[in-house]
Amino acid sequence: RMKSDVLKELPPKTENVYRIELEEEQRKLYLAAVVDAREKLRAAKAEETLIASLMRNPDFYNKLKDELSADYFVTALNRRIFSVILSRLDEGGNTEPYFLSSEFTPDEMDEVERIFRSAAQLSNTVEECADCIKILKEEKNKPESIKASELSDDDFAKLFRPDKQD
């Protein structure tokens, strides 16, 4: 059902777009946030590629284990999945989704299975895994950016009123 079918007297939706120029500091913060989001997305994709490759090619583990660390991961669930897989590989266990189900909730298993299936589109090479590790290390070693949620109300307000800064 559409709202227009039920309430015919409603006027059509009106959308007003107002364009404003950001102050220099605001523009820099906005662009930094956009770049940071893209980098986190890139890192998350690298995490999933690495997980999928190791699940499908457990023999890669011996070639890469000195470079691998869950500490490089930026997403909590991927870090946990990766840790479980590394533990299984250390024990010589199977890393296919069925054998991991006791470690995860049903919703988490949906993610594990999605990541596992994504390996079909990957090149599944040791070099691809090494590239992913490199991306994760780069992301981990980046300096921390300003997080608006961690600023005091006054400091947050100063971001939008440059004339009020100390």
Side-chain angles (χ1 to χ4, degrees), residues 1-5 13 15 17 19-20 22 25-151 156 159:
R1 259 170 38 161
M2 301 288 289
K3 189 166 37 173
S4 60
D5 295 337
K13 178 175 138 182
E15 188 173 314
V17 177
R19 302 226 182 259
I20 60 167
L22 296 175
E25 187 64 23
Q26 292 170 321
R27 190 176 63 74
K28 286 179 184 176
L29 286 169
Y30 173 76
L31 291 174
V34 169
V35 168
D36 188 52
R38 282 188 186 139
E39 288 297 316
K40 293 262 190 289
L41 184 60
R42 181 174 170 243
K45 180 66 179 154
E47 291 172 0
E48 291 181 5
T49 299
L50 189 56
I51 290 168
S53 293
L54 286 172
M55 289 174 78
R56 294 270 180 153
N57 305 285
D59 54 307
F60 289 1
Y61 177 62
N62 289 329
K63 297 173 185 165
L64 297 166
K65 70 178 165 186
D66 293 337
E67 298 292 320
L68 296 172
S69 173
D71 293 337
Y72 299 142
F73 280 56
V74 297
T75 58
L77 179 57
N78 286 350
R79 184 180 311 114
R80 203 158 81 74
I81 294 169
F82 187 73
S83 295
V84 168
I85 289 171
L86 290 187
S87 176
R88 289 289 169 102
L89 290 170
D90 280 335
E91 298 165 359
N94 197 315
T95 58
E96 290 189 21
Y98 173 80
F99 297 98
L100 303 176
S101 61
S102 64
E103 303 283 340
F104 300 101
T105 67
D107 286 342
E108 291 171 334
M109 278 308 299
D110 288 345
E111 274 302 294
V112 170
E113 289 169 0
R114 183 190 62 75
I115 291 170
F116 182 75
R117 286 190 309 271
S118 74
Q121 283 82 41
L122 302 174
S123 63
N124 286 304
T125 64
V126 173
E127 292 77 20
E128 182 178 47
C129 292
D131 288 342
C132 291
I133 293 168
K134 181 181 174 197
I135 289 168
L136 295 176
K137 284 181 177 180
E138 287 170 1
E139 183 63 28
K140 181 73 174 174
N141 293 326
K142 276 179 41 182
E144 284 293 315
S145 58
I146 297 173
K147 293 184 177 150
S149 62
E150 295 174 0
L151 295 174
F156 182 77
L159 295 175

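Everything quoted here is computed from the prediction, not taken from an experiment.
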Side chain to side chain, K140 and K137, heavy atoms closer than 4.5 Å: no
Derivation of the side-chain contact (heavy atoms from CB on, under 4.5 Å) call for I81 and E108: CA-CA 9 Å; I81 294 169; E108 291 171 334; over 6 Å; no
Pairwise distance SG(C132) to CD(E127) - rounded to 0.5 angstrom: 11.5 Å
Side-chain (N124) to main-chain (A119) donor-acceptor, under 3.5 angstrom: yes
Partner set under side-chain hydrogen bond (donor to acceptor under 3.5 Å, both in side chains) for E138, not counting sequence neighbours: none
Minimum heavy-atom distance L122-S118, with the two atoms named: CG-O, 3.6 Å
Atom pair NZ/CG of K28 and L31 - distance to nearest 0.5 Å: 10.5 Å
Any T95 side-chain heavy atom under 4.5 Å of L54 side chain: no
Heavy-atom pair with the smallest gap, counting every atom of A43 and I135: CA-CG2, 4.2 Å
Minimum-distance pair of heavy atoms, taken over all atoms of E113 and P97: CG-CB, 3.7 Å
A130 backbone acceptor or donor facing E67 side chain under 3.5 Å: no
Contact summary for S69 and F82, nearest pair of heavy atoms: C-CE2, 3.9 Å
Spatial distance of atom CG (D90) from atom OH (Y61) [nearest 0.5 Å]: 3.0 Å
All salt bridge (Lys or Arg N to Asp or Glu O under 4.0 Å) counterparts of K40, not counting sequence neighbours: D36, E139
Heavy-atom pair with the smallest gap, counting every atom of T75 and A44: CG2-CB, 4.1 Å
CG on D66 to CD1 on I133, rounded to 0.5 Å: 10.0 Å
Heavy-atom closest pair, residues R80 and F104: NH2-CD2, 3.3 Å
Gap between atom CG of L68 and atom CD1 of I85 - 0.5 Å precision: 11.0 Å
Non-neighbouring partners of R114 that pass salt bridge (Lys or Arg N to Asp or Glu O under 4.0 Å), sequence neighbours left out: E48, E111
Check: D71 main-chain N/O paired with R79 side-chain donor or acceptor under 3.5 Å: no
Derivation of the side-chain contact (heavy atoms from CB on, under 4.5 Å) call for M55 and L100: CA-CA 10 Å; M55 289 174 78; L100 303 176; 3.9 Å; yes
Stepwise side-chain contact (heavy atoms from CB on, under 4.5 Å) check, L22 with L29: CA-CA 10 Å; L22 296 175; L29 286 169; over 6 Å; no
Spacing of Y72 atom OH and K134 atom NZ [to the nearest 0.5 Å]: 14.0 Å
Evaluation steps, side-chain contact (heavy atoms from CB on, under 4.5 Å), between L136 and L50: CA-CA 10 Å; L136 295 176; L50 189 56; 4.2 Å; yes
